[in-house]
There are 2 protein chains.
Amino acid sequence: MQTLTRKQREIQDREQLILDTAREMLTHRGYLGLNMDAIAEALEYSKGTIYNHFSCKEEIILAMAVETMSKRSEMFDRASNRPGDSRQRLTGIGVAAELFVRLYPEHFQVEQIIRSASFWEKTSEARRNALRGCETRCMGIVAGIVRDALSRGDVELAEGVCPEDLVFGLWSQTFGAYAIIATSDSLSHVGIEDPFRSVRYNINRMLDGYGWRPLSTEFDDLGQFDAICEEIFPEERKLIAG
Amino acid sequence: MQTLTRKQREIQDREQLILDTAREMLTHRGYLGLNMDAIAEALEYSKGTIYNHFSCKEEIILAMAVETMSKRSEMFDRASNRPGDSRQRLTGIGVAAELFVRLYPEHFQVEQIIRSASFWEKTSEARRNALRGCETRCMGIVAGIVRDALSRGDVELAEGVCPEDLVFGLWSQTFGAYAIIATSDSLSHVGIEDPFRSVRYNINRMLDGYGWRPLSTEFDDLGQFDAICEEIFPEERKLIAG
DNA sequence: TGACATTATTGACTATCCGTCAATAATTGA
DNA sequence: TCAATTATTGACGGATAGTCAATAATGTCA
């Protein structure tokens, strides 16, 4: 491993700088405010230099997605390693997921863009794989908890139902809810005052429906969020406190 | 009510033609293939004429959204009027929702676009209201079934939980799942072979978790889809049979 | 150190697409 | 029939993605 020259370090740092600038623009000026000329101007480099780092606009957006997704898989990992019964560990994952969307509110904008048709055409396989890797890792962590619960006898699955079906339920429930929350001005006009609380509650109902023990009648399903959050993510919790 | 001249009818018909063309382009050529020049060329009118109908590109997309959403609210309405116990009626709504995404696979592309930041700026209030109306109607239909179930004693809600919380659970679960399904090549790489079946199963688990009677242990929760589909939507069912 | 090779940077340029509007064509009504 | 009204046209302006030959900076080696 060769040490890098000053120039090489400069280039490497700039890559991160581009991503930070792009993220800031997406957050504050919306998708239309995120354009190559604006990034170049903000960084006081020419457009060509930006294109030396990323071959197209889509690559920048994909790189942002990889950054946040890998942060999320780290958080999932930390949550899954917490001691406790299987249902508590799963609750930890839920805490991680919620904390994540609150820490990175712009993530769902990015997710929305990368999920649109014809986004992928010009992107590199390396980055595509990096993103898929994060997705698979997150899925695997959660499926691992389910399998663990199965082997401990905390939950049973009916014939023809696999752990991934349950994980898909958690995934679609949280993904759908957070996407709706992130892209609506307010949900109070349809009668939902605290959508995050609502998500937690509904997920616990689903787990109860699966018969995952201990059932939420045996513990305080809504009250434990803050405690678990403080225990696993004290640093991150401070960040969203404001 | 004045009868329209030939010219006026021609103009009215063209509006629908524009929408059909736009929908076809979005489906087959993706978002980037949907542009005003292409629409004008396909219809053999000039761009200016298209702009006489819709003041901007966003208005066309929004009009497509209103079309499909109002179709969906019709389907919800038909489903909710079916006789049966409250849980069967809710299952009917589920059938309608699933049938809808299969009939209009491009709808989630549209939904994704209209949910992106800075989409709404140039759109007209009339169309925005039309869309919100459909949303509120759908929500209201489902919330109505929940309230009905409450009054019949089929389900009880804990202190501090309102019917809309439950509806939000169904909404986010299905929205999330269908969005993931519509924008992924395949889910078999994460171990989910039949995601639609998985959604139905998970929703029934959630309703069981709410204690909504009859519980799915008392009926065939997975087997009833085809029967209900045939009963309420025989025509639509033929369309997706191919 | 200085001359030459390599690498990085620049910004003018092309292409594409949204949206405008003055000129032109078609339709209507008296 | 002809003037007024309405509809249609497509060239044009402006914004932005992406290219590439010219130029500047950096690295290498006698």
Q. Looking across every strand, which nucleic acid part, if any, lies under 4.0 Å from B:Glu10 by heavy atom: base, sugar-phosphate, or nothing?
A.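 No contact at all - B:Glu10 keeps every heavy atom at 4.0 Å or more from the nucleic acid.
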
Q) Base, sugar-phosphate alone, or nothing: which one does A:Glu59 contact when heavy atoms must sit under 4.0 Å apart? A)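 No contact.
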
Which listed nucleotide ([options]) is nearest to the side chain of [X]?
X	options	answer
B:Thr49	C:dC18, D:dT9, C:dT9	D:dT9
A:Tyr51	D:dA7, C:dC18, D:dT19	D:dT19
B:Lys57	C:dC18, D:dA17, D:dT9	C:dC18
B:Glu58	C:dG19, D:dT9, D:dG18	C:dG19
B:Lys122	C:dG19, D:dA17, C:dT9	C:dG19

Q: Identify, between A:Asp37 and B:Lys47, the residue whose nearest nucleotide on DNA chain D lies closer to the 5' end.
A: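 First, find each residue's nearest nucleotide; the 5'-ward one identifies B:Lys47.
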
Integer-rounded Å distance: [N] [atom2] and [X] [atom1]:
X	N	atom1	atom2	answer
A:Tyr45	C:dG11	OH	P	13 Å
B:Met25	C:dC17	CE	P	11 Å
B:Phe54	C:dT20	CZ	C1'	19 Å
A:Tyr31	D:dT16	OH	C1'	11 Å
B:Glu44	D:dT8	CD	C1'	15 Å
B:His53	D:dT9	NE2	P	10 Å
B:Met36	C:dT20	CE	P	10 Å
A:Asn52	C:dT10	CG	P	10 Å

Q.
Counting only side-chain nitrogens and oxygens, does B:Asn35 get under 4.0 Å of the OP1 or OP2 atom of C:dC17?
A.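 Yes, B:Asn35 has a side-chain N/O under 4.0 Å of OP1/OP2 on C:dC17.
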
Q: Decide, yes or no, whether a salt bridge links A:Arg78 with A:Glu74 under the criterion of side-chain N to carboxylate O below 4.0 Å.
A: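 Salt bridge between A:Arg78 and A:Glu74, a charged N being under 4.0 Å from a carboxylate O: no.
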
Q: Could you tell me whether B:Asp226 and B:Arg237 make a salt bridge, using a distance below 4.0 angstrom between a side-chain N and a carboxylate O?
A: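 Counted as a salt bridge, because a side-chain N and a carboxylate O are separated by less than 4.0 Å.
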
(Q) Distance to the ring centre below 6.0 angstrom and angle to the axis at most 45 degrees; does that hold for A:Arg14 and A:Tyr45? (A)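 Geometry flag: set, cation within 6.0 Å and 45°.
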
Q) To the nearest 0.5 Å, how far apart are CD in A:Glu98 and CG in A:Leu103? A)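 If we round to the nearest 0.5 Å, A:Glu98:CD and A:Leu103:CG are 11.0 Å apart.
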
Q) Backbone N or O of B:Tyr104 within a donor-acceptor pair of the B:Lys71 side chain at under 3.5 Å? A)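 Flag not set: sc B:Lys71 to bb B:Tyr104 has no pair under 3.5 Å.
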
